[in-house]
K.L.:
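Provided herewith is a single structure, encoded as structure tokens, for subsequent inquiry.
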Amino acid sequence: MKTKKAKTTSVKDLKIEIALLYKIIEIIGQSTNLNELMQQIAKVLASTLKCDSCFIYLLEDSKLVLSGAWPPHPFHLGKLILEKGEGITGWVAEHKKPVSLQKNAFKDPRFKIFTNLPEDRFAAILSAPIILNSKTIGVINLQNKSRRDFNKQSNLLVSISSQIAGAIEKTKLLQVSNKKTKQLETIARLSRSIVSNTYLYEILQLIVTMTAQTMNSKICSLMLYNEKTHELKIEATQSLSEDYTKKPPIKVGQSVSGKALELKQPVTVLDVTTEPNYNYPEIARREGLCSMIAVPMLVKDKPVGVINCYTTEKHNFSEEEINVLQTIAIQSAIAIENTRLFEESKVTRESLETRKIVERAKGILMRERGLAEEEAFRFLQKQAMNMRRSMREIAEAVLLSDGIKKP
């Protein structure tokens, strides 16, 4: 009878394992976002295998970063970081071997405690490496508050890890591809704006909005250079904070942005709240800003302004990110200069047209009222002041009146 019961349990476990593998495969096939993928897998593993929790760590820049958790830990995702070799998780990643502890896992010499996590009180753990092409790319942890023999699930978790490894790589490549597509779309839109007749304000807002989206930046600001005062002033930002938008102008060479324009090259800061050369650390703290990159906008070495991007957490800007932002800065500088030239030429044209209309109106007044040229001009000027209208509007009224009088 005992043998029959064991066989029945084995078949039941096998069905659960097959169903679990199907669920994992289904999740992998539907998800295109890495964080969502890890979160869904952690949930399925914890609920199907009846564990108290499941943590999934992924390797980023030689560090293990918490990328999926069930029950959810939104404040720890992306922030809980382990070195390779640190804790049981780090040991598994380094040695590429699973670890199964039935009880008193916290007494294991490899154990690392995180005082702000309830899972620190677990008794049993099963930790398995996620391996791709003989390299560790992550670790999956199953945890239980009470004693539990995880040996039955050990092979299953290793099998699931191998399934997940390929999905992680595919999703990462897809996200990189999507990011590059977004970057190219941003540059293409800026390129089109170079030959458009859009007003300067609209161009500046377009630049900061698209740059923030492309760089995944909390705040992006654009500062224009004033040739007369040699200052940089914020002219566009998607930030709604008055403290930030009303920051006073800075001289070239001052603060991070001024330094970037002076050096004519990008400047990055890991934490602006502790950076001595950053002028407004208090505003940065209130806004929750941390890392920053400032890239100068130049047209044939002529200073136009600076684009600033901020992150909410410490971030080392990659060479690729810097190159993308430099490309955006170049396109933006050309678009801004072209828009300025267009607006200046438009003002010049309108000024010439106004002058012609005023001259014609003066001629009519001189002919109809016998006024001297200077008297006719003063008449138009006085009427404009009294009626609070422009000289052009008064002159156009004189032309219209003259036109009506003629048969």
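This structure is a prediction, so every number in the text was calculated from the model and none was measured.
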K.L.:
Taking salt bridge (charged side-chain N to carboxylate O under 4.0 Å, His left out) as the test, write out the residues that go with Asp108, two or more places apart.
P.N.:
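Partners of Asp108 under the salt bridge (charged side-chain N to carboxylate O under 4.0 Å, His left out) test: Arg110.
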
K.L.:
So do the side chains of Lys135 and Ile131 get within less than 4.5 Å of each other, counting heavy atoms only?
P.N.:
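The answer is no, as the side chains (C-beta and beyond) never meet within the 4.5 Å cut-off.
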
K.L.:
Of all residues at least two apart in sequence or in a different chain, which pass the ring-ring contact (aromatic ring centres under 6.0 Å, His included) check with Phe150?
P.N.:
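Listed in chain order: nothing, the list is empty.
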
K.L.:
Could you list the donor-acceptor pairs under 3.5 angstrom formed between side-chain atoms of residues 89-99 and any protein atom two or more places apart in sequence or on another chain?
P.N.:
from  : atom 1 : to     : atom 2 : distance (Å)
Thr89 : OG1    : Asn141 : ND2    : 2.8
Trp91 : NE1    : His95  : ND1    : 3.3
His95 : ND1    : Trp91  : O      : 3.0
Lys96 : NZ     : Ser134 : O      : 2.6

K.L.:
Once salt bridge (charged side-chain N to carboxylate O under 4.0 Å, His left out) is applied, do any residues pair with Glu319, and if so which ones, sequence neighbours excluded?
P.N.:
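Listed in chain order: nothing, the list is empty.
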
K.L.:
With a cut-off of 3.5 Å and sequence neighbours excluded, list every side-chain donor-acceptor pair involving residues 256-267.
P.N.:
from   : atom 1 : to     : atom 2 : distance (Å)
Ser257 : OG     : Asn308 : OD1    : 2.9
Ser257 : OG     : Asn308 : ND2    : 3.1
Lys259 : NZ     : Glu262 : OE1    : 3.3
Lys264 : NZ     : Asp301 : O      : 3.3
Lys264 : NZ     : Asp301 : OD2    : 3.1

K.L.:
I'd like to know if Glu375 pairs up with Arg369 as an ion pair, taking the criterion as any Lys NZ or Arg NE/NH1/NH2 lying under 4.0 Å from an Asp or Glu carboxylate oxygen.
P.N.:
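Looking at Glu375 and Arg369, the cut-off is not met.
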
K.L.:
How close do Cys51 and Asn144 get, counting heavy atoms only, and between which atoms?
P.N.:
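Looking at all heavy atoms of both residues, the closest pair is CA-OD1, 3.6 Å.
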
K.L.:
Within a radius of less than 6.0 Å around NZ of Lys43, do more than 12 heavy atoms belonging to other residues, nucleotides or ligands occur?
P.N.:
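Check fails, neighbour count at 12 or below.
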
K.L.:
Which pairs with one or both residues in residues 66-81 pass salt bridge (charged side-chain N to carboxylate O under 4.0 Å, His left out), sequence neighbours excluded?
P.N.:
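Every pair satisfying salt bridge (charged side-chain N to carboxylate O under 4.0 Å, His left out) with a residue in residues 66-81: Lys79-Glu313.
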
K.L.:
Tell me if the CG atom of Asn386 is crowded by more than 12 foreign heavy atoms within 6.0 Å.
P.N.:
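Atom CG in Asn386 is packed in, count exceeds 12.
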
K.L.:
Could you work out, with side chain to side chain donor-acceptor pair (under 3.5 Å) as the rule, every residue matching Asn104, not counting sequence neighbours?
P.N.:
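Once residues adjacent in sequence are excluded, Asn104 has no partner under the side chain to side chain donor-acceptor pair (under 3.5 Å) criterion.
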
K.L.:
Does the side chain of Thr229 come within less than 4.5 Å of Pro249's, by heavy atoms?
P.N.:
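Not touching, per the 4.5 Å side-chain cut-off.
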
K.L.:
Any ion pair linking Arg285 and Glu282 (charged N to carboxylate O, less than 4.0 Å)?
P.N.:
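The answer is yes: the pair qualifies as a salt bridge.
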
K.L.:
Measure across Trp70 and Gln39 and return the closest heavy-atom pair with its distance rounded to 0.1 Å.
P.N.:
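Nearest pair, atom of Trp70 first, then Gln39: CE3-NE2, 4.2 Å.
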
K.L.:
If you look only at pairs with a residue in residues 257-289, which of them pass as a ring-ring contact (aromatic ring centres under 6.0 Å, His included), with sequence neighbours excluded?
P.N.:
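Those involving residues 257-289 do not exist here.
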
K.L.:
If the condition is ring-ring contact (aromatic ring centres under 6.0 Å, His included), which residues does Tyr225 pass it with, not counting sequence neighbours?
P.N.:
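For Tyr225, no residue satisfies ring-ring contact (aromatic ring centres under 6.0 Å, His included) once neighbours in sequence are set aside.
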
K.L.:
Report the residues that fulfil ring-ring contact (aromatic ring centres under 6.0 Å, His included) with Phe377, sequence neighbours left out, ordered by chain and then residue number.
P.N.:
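ring-ring contact (aromatic ring centres under 6.0 Å, His included) list for Phe377, sorted by chain: empty.
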
K.L.:
What heavy-atom pair brings Ala376 and Leu365 nearest, and what distance separates the two atoms?
P.N.:
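Between these two residues, the closest heavy atoms are O-CD1, 3.8 Å.
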
K.L.:
Mind listing the closest non-hydrogen atom pair of Ser217 and Ile219 along with its distance?
P.N.:
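Scanning both residues completely, I find the closest heavy atoms to be OG-O, 2.8 Å.
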
K.L.:
Is Lys356 paired with Glu359 through a side-chain N to carboxylate O contact shorter than 4.0 Å?
P.N.:
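Salt bridge flag = no for Lys356 with Glu359.
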
K.L.:
If you take all heavy atoms of Ser291 and Leu270, which pair is closest and at what distance?
P.N.:
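Scanning both residues, the minimum pair turns out to be OG-O, 2.5 Å.
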
K.L.:
Considering non-hydrogen atoms only, spot the tightest contact between His73 and Pro71 and give its length.
P.N.:
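So the two residues come closest at CD2-O, 3.1 Å.
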
K.L.:
Apply side-chain contact (heavy atoms from CB on, under 4.5 Å) to residues Ile250 and Glu231 and explain how you reach the verdict.
P.N.:
CA-CA 5 Å; Ile250 59 169; Glu231 290 179 331; over 6 Å; no

K.L.:
Is any side-chain heavy atom of Met297 closer than 4.5 Å to a side-chain heavy atom of Val306?
P.N.:
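No, every pair of side-chain atoms sits at 4.5 Å or beyond.
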
K.L.:
Please list, chain by chain and in numerical order, all residues satisfying side chain to side chain donor-acceptor pair (under 3.5 Å) with Glu227, sequence neighbours excluded.
P.N.:
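Expected list: none.
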
K.L.:
Looking at side-chain heavy atoms only, is the closest gap between Thr354 and Ile357 below 4.5 Å?
P.N.:
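The answer is no; the side chains never approach within 4.5 Å.
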
K.L.:
Which is it for Ile207 and Ile307 under the side-chain contact (heavy atoms from CB on, under 4.5 Å) test, yes or no, and what are the steps along the way?
P.N.:
CA-CA 9 Å; Ile207 291 169; Ile307 294 179; 4.1 Å; yes

K.L.:
Which pairs count as ring-ring contact (aromatic ring centres under 6.0 Å, His included) when at least one residue sits in residues 289-322, sequence neighbours excluded?
P.N.:
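Sorted pair list: Tyr244-Tyr310, His315-Phe317.
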
K.L.:
With side chains defined as the heavy atoms from C-beta onward, is the minimum distance between Glu373 and Lys362 less than 4.5 Å?
P.N.:
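A side-chain contact under 4.5 Å exists here.
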
